Amino acid sequence: QVQLVESGGGAVQAGGSLRLSCAASGRTFGAYAMGWFRRAPGKEREFVAGIRWSGGRTDYKDSVKGRFTISRDNAKTTVSLQMNSLKPEDTAVYYCAAGNPPVLVAGYNYWGQGTQVTVSS
């Protein structure tokens, strides 16, 4: 069992940066892949970024490649999402996820409560 708590959301102007963090509790954190998803108003939840337990494999939604970076610290049981060059279309509630999906884009078992990111133009 893994519990996830996100932090770091907020409001920023277009072109700005935010860093989201997800604190995980549970003895087997290091065994899980971790992901970030988001849900914009009126839209379905979508994959943003994912990272394997070793950190050696990452995957990103095409529209955030080159702007967002996912990283993890297994010793601190945290996963982060550095978001640069933010755009208004990045506005959403961002969710942290954990699991052992066959592919990083879907199939996670555990979810956080979410943190709001608002980007103004």
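For the single chain, residues carry numbers from 1 onward in sequence order. Computed from a predicted model, the values in this text were never measured in an experiment.
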Just how far is it from atom [atom1] of [X] to atom [atom2] of [Y], taken to the nearest 0.5 Å?
X   : Y    : atom1 : atom2 : answer
I51 : T69  : CD1   : OG1   : 10.0 Å
L81 : T115 : CG    : OG1   : 11.0 Å
R67 : Y60  : CZ    : OH    : 12.0 Å
M34 : S80  : CE    : OG    : 10.0 Å
Y94 : C22  : OH    : SG    : 15.0 Å
Q13 : S121 : CD    : OG    : 9.0 Å

For the student: nearest non-hydrogen atoms of [X] and [Y], plus distance:
X   : Y    : result
M83 : V117 : CE-CG2, 3.9 Å
R72 : A33  : NH1-CA, 4.0 Å
A40 : T91  : CB-O, 3.6 Å
A98 : L4   : N-CD1, 3.8 Å

Under a 4.5 Å cut-off applied to non-hydrogen side-chain atoms, are [X] and [Y] in contact?
X   : Y    : result
V79 : C96  : yes
F68 : K61  : no
F47 : D59  : yes
R52 : P101 : yes

If only atom types and distance count, is the side chain of T77 paired as donor or acceptor with the main-chain N or O of N74 below 3.5 Å?
no
Any donor and acceptor pair, going by atom type alone, linking the side chain of E6 with main-chain N or O of Q113 inside 3.5 Å?
yes
Please evaluate residues D73 and T78 with respect to the criterion side-chain hydrogen bond (donor to acceptor under 3.5 Å, both in side chains), reporting the C-alpha separation (whole Å), side-chain torsions for both, the decisive distance (0.1 Å), and the verdict.
CA-CA 5 Å; D73 185 334; T78 59; 5.1 Å; no
Hey, is R38 close enough to E46 for a salt bridge, meaning N to O under 4.0 Å?
yes
Does a side-chain N-to-carboxylate-O contact under 4.0 Å join K65 and D62?
yes
Once the angle between the rings of F37 and W111 is folded into 0 to 90°, is it parallel (under 30°), tilted (30 to 60°) or perpendicular (over 60°)?
perpendicular
Can [Y] be reached from [X] by stepping across I, L, V, M, F, W or Y side chains whose heavy atoms are under 4.5 Å apart?
X    : Y   : result
L86  : I70 : yes
L104 : Y95 : yes
L20  : V64 : yes

How about CZ on R57, more than 12 heavy atoms from neighbouring residues, nucleotides or ligands closer than 6.0 Å, or not?
no
With a 3.5 Å cut-off and no angle check, do the side chains of Q3 and S25 form a donor-acceptor pair?
yes
Between Y32 and Y110, does the ring pair (Phe, Tyr, Trp, His ring centres under 6.0 Å) criterion hold? Intermediate values first, please.
CA-CA 10 Å; Y32 290 106; Y110 305 104; 5.7 Å; yes
